[in-house]
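Just so you know, ligand 1 is whichever comes first in the structure, and atom 1 is the first atom listed for that ligand. The chain is numbered in sequence order, starting from 1.
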Amino acid sequence: MFALTFLGTSASVPSAERNHPALLVEAAGRRILVDCGEGTQRQLLRSGAGFRRLDRILLTHAHLDHVLGIPGLFSTLGLRQTSDVMTIHGGEGTLEIVIRMLAGLWGAGRAPIAVEFAAVTEGQVIDAGDFTIDCFPVRHRDTDSFGFVFRSPARRHLQSDRLAALGVPDGPLRGELAAGRPIVIDGRTIDPEDVLGLPSGGKKLVVIGDTETTDGLSKDVADADMLVIEATFLDRDAPTARNYGHLTAAEAASFAAVNGVNQLVLTHMSGRYEDEEILAEAARIFPNSRIAADFDHVVI
Ligand SMILES: [Zn+2]
Ligand SMILES: [Zn+2]
């Protein structure tokens with residue numbers, strides 16, 4: 001299961017309703033920030049999430065609308081005297097910019113909290129046991145951009161009717177079966193296979209930040225339960241989208257449609273359009289589309 005809180009959903013320029021980009025993903029008790037636009041720390045407070053258990057930031061790229069919130073957040077975490085190490089994952093070029101930004105404010109290696117920088121290349125970012133994060137390169141102007149795939153494995157759950165039929169009492173014996181180990185009751189051996197159902201609940205979430213094309217991204221996005229992706233422009237401004245290295249809502253929707261995505265969430269909205277016209281353009285091509293708003297909370 002993944003719980004997403006959209007903390008900022010604007011493109012380069014914020015509006016009264018939309019903050020600069022940031023997305024909080026919660027999984028198995030862990031909290032991960034994807035991008036950290038200016039003002040993200042206050043958005044974390046306003047969303048009710050706060051700062052606890054937040055020890056990892058994934059950066060899609062280093063354009064200022066996606067990273068300027070890092071110094072403010074670190075300053076606040078420093079005042080709270082947190083002892084946790086914050087790990088920032090991103091492309092090497094992205095991390096270089098962030099390291100320079102922090103060094104400009106506090107001196108090299110002297111940020112107010114302990115920070116680890118972990119450069120990503122294509123492949124696995126972390127294996128947290130209950131879920132994994134992988135990354136893949138994305139083309140967006142002259143940046144070192146990455147998209148991220150969150151996966152939680154399918155699990156086999158105990159079937160209560162079979163447990164009852166076989167007389168397995170509540171308690172540690174059920175835990176043994178759930179863990180895949182056989183048990184013995186009154187001389188009878190009960191195998192996990194006797195009481196476990198079919199695998200279910202595996203989820204795939206894909207988050208793509210700014211991107212100038214969807215070419216080459218299909219294998220990473222295929223069959224995602226949810227795709228979060230930018231849609232900065234509408235089709236009528238496709239040439240402008242090309243010039244600035246962004247997608248149109250129609251392009252994002254077509255990409256979701258041909259890759260077996262279940263739900264599409266569009267973000268990085270430009271203030272030049274009404275939400276309704278963006279949604280209409282996407283939904284014509286991919287009906288299960290929605291436009292993210294700040295503080296939207298979505299669970300998959
Ligand atoms: Zn952006
Ligand atoms: Zn950008």
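Under 2.8 Å from the Zn ion (ligand 2) lies no N/O/S atom of D65, from backbone or side chain alike. Among the backbone and side-chain atoms of H246, no N/O/S atom is found under 2.8 Å from the Zn ion (ligand 2). Among the atoms of H66, no N, O or S atom is found under 2.8 Å from the Zn ion (ligand 2). Taking backbone and side-chain atoms together, E230 has no N/O/S atom less than 2.8 Å away from the Zn ion (ligand 1).
An angle of 100° is found at the Zn ion (ligand 2) between H61 atom NE2 and H140 atom NE2, rounded to 10°.
Few gaps surround CZ on R53; more than 12 heavy atoms of other groups in view lie less than 6.0 Å from it. Shown here is R174, whose CZ atom has more than 12 heavy atoms of other residues, nucleotides or ligands within 6.0 Å. Within 6.0 Å of CZ in R188 there are more than 12 heavy atoms belonging to other residues, nucleotides or ligands.
Checked for salt-bridge contact, D194 and R162 miss the test: no charged N lies under 4.0 Å from a carboxylate O.
Restricting D210 to its N/O/S atoms, the shortest distance to the Zn ion (ligand 1) is reached by OD2. Between the Zn ion (ligand 2) and the N, O or S atoms of H63, the shortest distance is to ND1. Looking at H268, its N, O or S atom nearest to the Zn ion (ligand 1) turns out to be NE2.
Here CG of L44 is found 6.0 Å from CG of L33. Values are rounded to the nearest 0.5 Å.
With E26 contributing its side chain and L4 its backbone, the two residues share no donor-acceptor pair below 3.5 Å.
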